[in-house]
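Below is one structure. I have some questions about it.
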Protein chains: 2
Amino acid sequence: MAGTTTGPGEAALEAALDRAAAGCLARGAQLTELRRQVLKLVLASPHPVGAYALLDQLRAARPGAAPPTVYRALDFLQEQGLVHRVERLNAFVGCAGPEAHHHCGHGHDHPHQFLICGSCGATAEICDDRVAAAVADAARAAGFFPVRTTVEVEGRCAACAAMTQAAPAAVR
Amino acid sequence: MAGTTTGPGEAALEAALDRAAAGCLARGAQLTELRRQVLKLVLASPHPVGAYALLDQLRAARPGAAPPTVYRALDFLQEQGLVHRVERLNAFVGCAGPEAHHHCGHGHDHPHQFLICGSCGATAEICDDRVAAAVADAARAAGFFPVRTTVEVEGRCAACAAMTQAAPAAVR
DNA sequence: CCCCGGGATGATATGGTGTAACGCCGCAGC
DNA sequence: GCTGCGGCGTTACACCATATCATCCCGGGG
Ligand SMILES: [Zn+2]
Ligand SMILES: [Zn+2]
Ligand SMILES: [Zn+2]
Ligand SMILES: [Zn+2]
C-alpha cells in the first residue's frame, strides 16, 4: 500500500491536478499556481480541512499568505466543482469524482451528499440520485425553487461501528 | 392577519412557551426563565437569527449576558427539540411544529429539512419522510450508520421567484 | 443545623471562521 | 499610452463559538 491515510500518491496527485487544469481551461477559467497549490493541499488531506489549516500549510510556499488568499482560491475551486464545503465542519474536501460524475451525466455542479463519521472524522462523498430527486420534489411541492442542496449525515462509519461493538471501552 | 412577518402574536407566543415548558417538564427538564426568554426571542423572529443578535436583544432584560449565556440556552433548546440550527447560516430557528410532529409519529428529535430563500432570507422547515428515508437508505447502502441528518436547500421562495419574473431589474 | 453535591448562571478570556476594502501588477485591446 | 479586468497582496475588522473559573441556589444526609 502506497499511503493508507496519507492521501493519494504524489504522481496520482499531479495527474489529478493536470486533469483539473484542463477542465478549468475547457470552461474558460484558469487554474493558477496559487489555486493549484491550494487544491493540492485539499486533495492531499485524507479528511476535511479547515481554511486556516490550509493557510498554515500554504505559508510554507507563500509566506505572505493571508485569509483572503485561501478563501478566494477555495471560492474558485468550489465554482469549478473541484472542492466542496462541508457545512457542519466549516471545512473543505476535494470532490470525490469530478470526472466520474461526468460519466454518470452530472456536470461540474453535481449533486452530492456527505457521510461524516463523528468518531474518526472520515468523510465520504456519495452521489445518490434518489436523494437528490426526493429533496427536489419535496422543495417544489412546497412552492420552492431549489438552487443548491446540502445533505450531510453525521454518524458512524463501518470501521468505527465495528470497533465500538468489539471493544466499547476502548473509545475512552 | 395578526402579523405578517413579525412572527406570532404575543398571546400565541406565550401559549407556545407554556406548551414548551410543559413538554420539558414531561421529559424531566426545566424551561427556566433565561431559556424561556431566549426561546421567545427565537420564536418571535421571522427569520433565522444569529446567536449574537439574540445576545443583543437578551441584554435588554439581562445586561450581564455574555456569549456562553445564549449558547448554553440554545444547546438546551436544541436538545429539547424546540430550536434547530441552520448550518448554512450559522443561525437558529424555532421548530415549526413540535406538537404537529408528535401527531405524525416523530419524537422531539424529528427529521426535518430547511428551504432557505437566498433573496429574502425566509427559511421554511418541512418534514418529508421520503427525503429522510432516501438519505437513510443511501447512507446504510454505503455501510454507514446515520445518527443525525442535515438537509438544507438554498433557492428562491415562491414570492421571490414571482417577483424576479415580474420585475427582473427590481432586485438591484 | 451544617455540609455537600449537582444544576444553572455569571463573568472573563481566548480561539476559530469569514469578509470588506484598498491597492498593486500584468495583460489584453483600443 | 490609456483603460479595463482578473488575480493577488495587505490590513483591518466582524462574526461565531468555546474554555475556564467563580457564584448562587436548592434539596438530601449526617
Ligand atoms: Zn463532488
Ligand atoms: Zn469512523
Ligand atoms: Zn422541527
Ligand atoms: Zn424569498
Side-chain angles (χ1 to χ4, degrees), chain A residues 20-21 24-25 27-39 41-42 45 47-80 82-93 121 150 152, chain B residues 20-21 24-25 27-39 41-42 45 47-80 82-93 118 121 150 152 154:
Chain A
C24 287
L25 272 183
R27 289 183 292 267
Q30 199 179 348
L31 189 68
T32 63
E33 182 58 25
L34 169 63
R35 291 164 176 172
R36 187 181 172 108
Q37 288 173 347
V38 172
L39 178 56
L41 290 173
V42 173
S45 170
H47 288 337
V49 56
Y52 279 67
L54 288 172
L55 181 55
D56 287 342
Q57 298 179 251
L58 187 61
R59 284 204 234 255
R62 290 176 177 257
T69 311
V70 61
Y71 277 105
R72 285 193 286 233
L74 287 170
D75 285 345
F76 173 85
L77 295 171
Q78 283 180 269
E79 284 169 14
Q80 295 297 314
L82 297 167
V83 158
H84 298 303
R85 175 182 170 83
V86 187
E87 300 289 342
R88 286 189 69 89
L89 306 176
N90 293 335
F92 302 84
V93 293
T150 301
E152 299 178 2
Chain B
C24 288
L25 272 183
R27 290 184 291 267
Q30 199 180 348
L31 189 68
T32 63
E33 183 57 25
L34 169 64
R35 292 162 175 172
R36 187 181 172 108
Q37 288 173 349
V38 172
L39 177 56
L41 291 174
V42 173
S45 170
H47 289 338
V49 56
Y52 278 65
L54 288 172
L55 181 55
D56 286 343
Q57 299 178 250
L58 186 62
R59 283 204 235 254
R62 291 176 178 257
T69 310
V70 61
Y71 276 105
R72 283 193 287 233
L74 287 169
D75 285 346
F76 172 86
L77 295 172
Q78 283 181 269
E79 284 168 13
Q80 296 298 314
L82 298 167
V83 158
H84 299 303
R85 176 184 169 84
V86 186
E87 299 290 342
R88 286 188 68 88
L89 305 178
N90 293 333
F92 302 84
V93 292
T150 301
E152 299 178 1
E154 184 201 328

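The shown structure was predicted, so the numbers you read here are calculated from the model rather than taken from an experiment. Each chain gets a letter, A, B and so on, in the order the sequences are listed, and its residues count up from 1.
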Query raised in the report: Have B:Arg35 and B:Gln80 got a donor and an acceptor in their side chains that come within less than 3.5 Å?
Result: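 Per modelled atom types, B:Arg35 and B:Gln80 side chains form no pair under 3.5 Å.
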Report task. Report the C-alpha separation of A:Thr150 and B:Glu87 in whole Å, then their side-chain angles, then the decisive distance to 0.1 Å, and conclude whether the side chain to side chain contact (heavy atoms under 4.5 Å, CB included) test is met. Result -> CA-CA 9 Å; A:Thr150 301; B:Glu87 299 290 342; over 6 Å; no
Query - Distance in angstrom units between B:Leu74 CG and C:dA8 P, rounded - result: 15 Å
Requested in this report: Name all residues meeting the salt bridge (Lys or Arg N to Asp or Glu O under 4.0 Å) criterion together with A:Glu152; count only those two or more places apart in sequence or in a different chain, and write none if there are none.
Outcome: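 Result, salt bridge (Lys or Arg N to Asp or Glu O under 4.0 Å) vs A:Glu152: none returned.
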Requested in this report: Give the rounded distance in Å between these two atoms: CZ of B:Arg35 and C1' of C:dA8.
Outcome: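 Interatomic distance, CZ of B:Arg35 to C1' of C:dA8: 7 Å.
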Query raised in the report: Which pair of heavy atoms, one from A:Val49 and one from A:Leu54, lies closest together, and at what distance?
Result: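 Nearest pair, atom of A:Val49 first, then A:Leu54: CG1-CD2, 3.8 Å.
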Query raised in the report: What is the distance from CD of B:Gln78 to P of D:dT18, rounded to the nearest Å?
Result: 10 Å
Query raised in the report: Starting at CD of B:Glu79 and ending at C1' of C:dA8, how long is that distance when rounded to a whole Å?
Result: 13 Å
Requested in this report: Specify the separation, in whole Å, of atom CZ of B:Arg62 and atom C1' of C:dT9.
Outcome: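 Taking atom C1' of C:dT9 as the reference, CZ of B:Arg62 is at 8 Å.
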Requested in this report: Calculate, to the nearest 0.5 Å, the distance between atoms CG and CG belonging to B:Leu31 and B:Leu25 respectively.
Outcome: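 The distance works out to 8.5 Å.
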Query raised in the report: Do you see a donor-acceptor pair shorter than 3.5 Å between the side chains of B:Arg62 and B:Thr69?
Result: no
Query raised in the report: Rounded to whole angstrom units, what separation is found between the CD atom of B:Gln37 and the P atom of C:dA8?
Result: 16 Å
Report each atom pair, protein N/O against N/O of nucleotides 11-18 of chain C, whose distance is under 3.5 angstrom.
from	atom 1	to	atom 2	distance (Å)
C:dG18	OP1	A:Arg85	NH1	2.9
C:dG18	OP1	A:Arg85	NH2	2.2
C:dG18	OP2	A:Tyr71	OH	2.9
C:dG18	O5'	A:Tyr71	OH	3.4
C:dG18	N7	A:Tyr52	OH	2.6
C:dG18	O6	A:Tyr52	OH	3.4

